[in-house]
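Written out below as structure tokens is the structure these notes cover.
Computed from heavy atoms alone, side chains included, the values below leave out hydrogens, waters and symmetry copies. Counting convention: from 1, in listed order, for ligands and their atoms alike. We number each residue from 1, following the sequence as shown.
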Amino acid sequence: MKHETLTVELGERSYPIVIGEGLLQHAPKLLQEAGISSKSQLLIVTDEHVAKNYLEPLREVLATEGYRTTASVIAAGEQSKSLSVYDRIMTEAIQAGLDRKSAVLALGGGVVGDLAGFVAATYMRGIDFVQLPTTLLAHDSSVGGKVAINHPLGKNLIGAFHQPRVVIYDTSALHTLPKREVAAGFAEVVKHGLISDEAFVDWLKENADRLWELDSELLAKAIQRGCAVKAAIVSEDETEQGKRALLNLGHTFGHAFEALSAYSALNHGEAIAIGMCIAAKVAERVGIAEKGVCEQTERVLSLYHLPTKWPAGLTPEAVLEAMKRDKKTVGGKLALVLPRAIGHVELIKDIDEEIILTVMREEVEA
Ligand code: NAD
Ligand code: GLY
């Protein structure tokens, strides 16, 4: 089994991120190594698209080592990160007889991971959880233990921190991913460069064509680098008391776009791609960004076929109101992650709302 292993260092809750082609075939061994017992039933949460290709093969291979599984299959898409779908999965888990030694396996992208993780965090006050990511974006969402569902008024407002026991990232699953979802995944890969590593951004620019075609060697490198950036920050600041907020570059805008479009018009990667461009414009306007940051941000995102312009139909005033419900807002004061340079971002508090509104209004007119 050819693979790379990174570790999220969190003391006794440390866990491996195992990355490689064909790893789902080795899931039983990796679960055993992570201490997941075969005595109690496992719940696999997945969505309809992923289930088609990967659910039965996973159940079969797990059965060979005595793991008993039940499955909850949800509708694909962000709208499933809801209280009603959460309620349905909880009911299925209780009816299937999951106990406190059971584990929840999230087989899918970030939607499945966030939702299944929140089920695991809350079922019988918390049971084990394993991430089996199948999207490129999930190199980010499967690491770090943020689990959540959405509220119609705001994204990820109902959630917990609940770390997985292991992340098993079978990169061969990415070959069935629609191109729009590949692009969305690159938004988070690019974000990991923009927040911490200018050389990685240059590498992503130089190799965009081959990465877009999912060249396996380069893709593995991009995923490893993205996971490594995330793992290092999470290891330092698990519950976002400080540095972890930097992972939210573009997200205060992006989450507002998602909530205001009823979690349907833009996917998460597209929303944060636009959000990162607007954050760069705000940074230039308040005078903290080096010259060229906006242009370079837009350029690298465009190479991965991501949108960079204001989403049609949304008003700056409504976006600002939605941004105030962001989790970084404290006492009504907005805090934004803004770039100073490519590879260097900061959390800036108390930005004048008028500046944000002015930048957004110019975007609408552009
Ligand atoms: P997703 O889970 O909706 O997957 C995107 C689409 O691809 C879906 O239609 C899905 O069915 C399909 N799909 C998944 N794997 C496939 C495969 N291998 N082949 C074919 N189709 C496949 O979306 P996503 O982009 O993976 O995740 C977005 C979510 O992640 C958002 O809700 C976002 O808030 C969350 N997120 C969470 C964190 C975190 O730290 N918890 C970080 C970043 C993003
Ligand atoms: N996506 C932001 C974080 O994991 O902290």
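Within the model, atoms CD1 of Ile149 and OG of Ser80 stand 11.5 Å from one another, a figure rounded to the nearest 0.5 Å. Atom-to-atom distance recorded for Met276:CE and Ile195:CD1 is 10.0 Å, nearest 0.5 angstrom. In this structure, CD1 on Ile274 lies 10.0 Å from CG on Leu301, to the nearest 0.5 angstrom. Note that CE of Met124 is 7.5 Å distant from CG of Leu98, once rounded to the nearest 0.5 Å.
For the side chain to side chain contact (heavy atoms under 4.5 Å, CB included) criterion with Val182, the lone passing option out of Leu137, Leu211, Leu214 is Leu214.
Here Asn248 has side-chain heavy atoms under 4.0 Å from ligand 2, and that is the only part of it that gets that close. Looking at Glu78 against ligand 1, only its side chain comes within 4.0 Å, counting heavy atoms. Heavy atoms from both the backbone and the side chain of Lys146 come within less than 4.0 Å of ligand 1.
Scanning the protein heavy atoms around atom 35 (C) of ligand 1, the nearest turns out to be Asp114 OD2, 3.4 Å. Of all protein heavy atoms, the one closest to atom 24 (P) of ligand 1 is Gly110 N, 3.5 Å. Ranking protein heavy atoms by distance to atom 34 (O) of ligand 1, first place goes to Lys155 NZ, 2.8 Å. Nearest protein heavy-atom contact of atom 16 (C) of ligand 1 is Leu177 CD1, 3.4 Å. In terms of protein heavy atoms, atom 9 (O) of ligand 1 is closest to His49 ND1, 3.1 Å. Nearest to atom 14 (C) of ligand 1 among the protein's heavy atoms is Thr135 CG2, 3.2 Å. The protein heavy-atom contact nearest to atom 5 (C) of ligand 1 is Glu181 OE1, 3.3 Å. Here the protein heavy atom with the shortest distance to atom 3 (C) of ligand 2 is Lys146 NZ, 3.4 Å.
In terms of N/O distances under 3.5 Å, ligand 1 is not approached by Leu137. At least one N or O atom of Asp47 sits closer than 3.5 Å to an N or O atom of ligand 1. Any N or O atom pair closer than 3.5 Å counts here, and Val111 shares at least one such pair with ligand 1. Polar contact with ligand 1: present for Thr134 (N/O pair, distance under 3.5 Å).
Every atom of ligand 1 with a heavy atom of Ala76 under 4.0 Å away is listed here by number and element: 9 (O), 11 (O). Near Lys81, the atoms of ligand 1 lying under 4.0 angstrom from a non-hydrogen atom of the residue are 31 (C), 32 (O), 33 (C), 34 (O). Taking a cut-off of under 4.0 Å to the non-hydrogen atoms of Pro178, the atoms of ligand 1 that pass are 20 (C), 21 (N). Distances below 4.0 Å separate heavy atoms of Val50 from the following atoms of ligand 1: 13 (N), 14 (C), 15 (N), 16 (C). Close approach of ligand 1 to Asp140 (heavy-atom distance below 4.0 Å) involves ligand atoms 42 (C), 43 (C). Within ligand 1, the atoms closer than 4.0 Å to a non-hydrogen atom of Thr176 are 17 (C), 18 (N), 19 (N), 20 (C), numbered from 1 in the order shown. Interface atoms of ligand 2 facing Leu247, defined by a heavy-atom separation under 4.0 Å, are 2 (C), 3 (C), 5 (O).
Relative orientation of the His305 and Trp212 rings is tilted, given thresholds of 30° and 60° on the angle between their planes. Taking the six-membered ring where the residue is Trp, His255 and His251 present perpendicular rings, their angle passing 60° and hence far from 30°.
Side chain of Thr315 to backbone of Ala318: a donor-acceptor contact under 3.5 angstrom is found.
In this structure, Glu217 does not pair ionically with Lys221, as no charged nitrogen and carboxylate oxygen lie closer than 4.0 Å. Under the 4.0 Å criterion applied to side-chain N and carboxylate O atoms, Glu353 and Lys333 are not assigned as salt-bridge partners.
A donor-acceptor pair shorter than 3.5 Å can be found between the side chains of Ser72 and Glu92. Side-chain atoms of Asn156 and Lys81 include a donor-acceptor pair closer than 3.5 Å. With no hydrogens or angles considered, no side-chain donor-acceptor pair links His139 and Gln224 at under 3.5 Å.
Remark: distances from the non-hydrogen atoms of Glu188 to ligand 2 are all 4.0 Å or more. In this structure, Asn267 has no heavy atom closer than 4.0 Å to ligand 1.
Among Lys230, Arg244, Lys191, the residue whose heavy atom lies closest to atom 5 (O) of ligand 2 is Arg244. For atom 39 (C) of ligand 1, the candidate residues are Ser141, Gly109, Ala138; the nearest heavy-atom contact is made by Ser141. Of the candidates His251, Glu188, Lys230, Glu258, it is Lys230 that places a heavy atom closest to atom 40 (O) of ligand 1.
Between Glu78 and Lys155 there is a side-chain heavy-atom pair separated by less than 4.5 Å.
Centroid-to-centroid, the aromatic rings of Phe257 and Trp310 come within less than 6.0 Å.
Within a 6.0 Å radius of CZ in Arg88, more than 12 heavy atoms belonging to other residues, nucleotides or ligands are found.
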